[in-house]
Amino acid sequence: MTDTARPAAPPLIVDRWFNTNQPITLEGLRGRIVVLHAFQMLCPGCVSTAIPQARKLNEIAKSIDGLVVLGLHTVFEHHAAMTPVSLEAFLHEYKIIFPVAVDRDSPDGPIPQTMAAYGFRGTPSTVIVDREGRIARHSFGAEDDLALGLILGNLLSAPTSAR
């Protein structure tokens, strides 16, 4: 996919942020590569694969200028069990220190607004947003570490003068 063929990343429609002092927007992160990990705390694949991967990537990103890891807690089932209070305890217990947003509920049904805007099929889902705010990768399910690293390496090494 060429850069110009990449669709723009929709804004994050969220109610709350954890692990940050102020709300984060993709527009505010323009010029950086953003890895957005969408998860649910009661999702087995999220807990066993996606969250550990996001934690590891966040540790690596600390030493890489221009790379940001964000979490999106997007609840489309078991709504009563996955409250912000439960999420706060979950983030503490799993030592998740990168910023995590809470997807905004939809007035029209069980699918939250950011999840609907991105067309997520479920969790875990990973979206990589390039420096220009376009979707460079959108995947559902466990993302292979090596494939993720190659994609991010290519994006990080791409010339930035076109911005």
Side-chain angles (χ1 to χ4, degrees), residues 6-30 32-62 66-145 148 151-152 155:
R6 293 179 180 159
L12 303 176
I13 309 164
V14 301
D15 283 330
R16 182 174 179 183
W17 282 93
F18 289 92
N19 301 332
T20 183
N21 293 328
Q22 57 189 356
I24 297 171
T25 65
L26 293 178
E27 184 66 34
L29 294 173
R30 190 70 47 94
R32 300 180 191 165
I33 295 164
V34 178
V35 181
L36 178 65
H37 279 277
F39 71 97
Q40 291 188 96
M41 65 180 142
L42 295 180
C43 163
C46 299
V47 172
S48 66
T49 306
I51 290 171
Q53 181 182 65
R55 286 178 49 214
K56 185 175 183 180
L57 183 58
N58 185 62
E59 284 302 311
I60 294 167
K62 289 177 183 178
L67 181 61
V68 177
V69 176
L70 299 177
L72 176 70
H73 191 243
T74 185
V75 178
F76 57 92
E77 58 190 351
H78 309 299
H79 289 84
M82 293 197 264
T83 66
V85 171
S86 299
L87 178 59
E88 187 170 30
F90 177 86
L91 296 174
H92 174 77
E93 292 300 320
Y94 281 86
K95 297 175 178 44
I96 298 169
I97 60 171
F98 53 85
V100 174
V102 177
D103 202 351
R104 182 171 295 154
D105 289 341
S106 171
D108 302 322
I111 305 301
Q113 293 182 39
T114 304
M115 182 179 194
Y118 277 84
F120 292 145
R121 297 184 313 173
T123 56
S125 288
T126 304
V127 174
I128 300 173
V129 180
D130 69 15
R131 289 183 175 104
E132 290 76 32
R134 297 181 306 240
I135 296 174
R137 178 152 176 95
H138 186 296
S139 63
F140 170 61
E143 182 74 69
D144 181 79
D145 289 338
L148 183 61
I151 292 162
L152 291 173
L155 289 170

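Atoms considered below: every heavy atom in the structure, side chains included; atoms not considered: hydrogens, waters and symmetry mates.
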Novice: Return the set of residues passing salt bridge (charged side-chain N to carboxylate O under 4.0 Å, His left out) with Glu27 (not counting sequence neighbours), or none when no residue passes.
Specialist: Arg30
Novice: What distance do Cys43 atom SG and Ile51 atom CD1 have between them, rounded to the nearest 0.5 Å?
Specialist: 7.5 Å
Novice: ring-ring contact (aromatic ring centres under 6.0 Å, His included) with Tyr94: which residues, sequence neighbours excluded?
Specialist: Phe90
Novice: Assess the residue pair Val34 and Leu26 against the criterion (side chain to side chain contact (heavy atoms under 4.5 Å, CB included)); give the C-alpha distance rounded to whole Å, side-chain angles, the decisive distance to 0.1 Å, and a yes or no.
Specialist: CA-CA 8 Å; Val34 178; Leu26 293 178; 4.1 Å; yes
Novice: I'd like to know if the side chain of Thr49 and the backbone of Cys46 have a donor-acceptor N/O pair within less than 3.5 Å.
Specialist: no
Novice: Between Arg55 and Ile96, is the side chain to side chain contact (heavy atoms under 4.5 Å, CB included) condition met? List the steps.
Specialist: CA-CA 6 Å; Arg55 286 178 49 214; Ile96 298 169; 4.1 Å; yes
Novice: Which pairs of donor and acceptor atoms, one on a side chain in residues 109-117, lie under 3.5 Å apart (sequence neighbours left out)?
Specialist:
unit_1: Gln113; atom_1: NE2; unit_2: Asp105; atom_2: O; d: 2.9
unit_1: Thr114; atom_1: OG1; unit_2: Ile13; atom_2: N; d: 2.7
unit_1: Thr114; atom_1: OG1; unit_2: Ile13; atom_2: O; d: 2.9
unit_1: Thr114; atom_1: OG1; unit_2: Asp103; atom_2: OD1; d: 3.0

Novice: Could you tell me whether the side chain of Ile135 reaches within less than 4.5 Å of the side chain of Ile128, counting heavy atoms only?
Specialist: no
Novice: Pick from Phe39, Phe18, Trp17: which one makes a ring-ring contact (aromatic ring centres under 6.0 Å, His included) with His73?
Specialist: Phe39
Novice: Counting N and O atoms only, with roles assigned by atom type, does the side chain of Arg104 sit under 3.5 Å from a partner on the main chain of Val14, one being a donor and the other an acceptor?
Specialist: yes
Novice: Do Leu57 and Leu67 touch side chain to side chain, with heavy atoms closer than 4.5 Å?
Specialist: yes
Novice: Would you call Arg6 and Glu132 a salt bridge, using N to O less than 4.0 angstrom?
Specialist: no
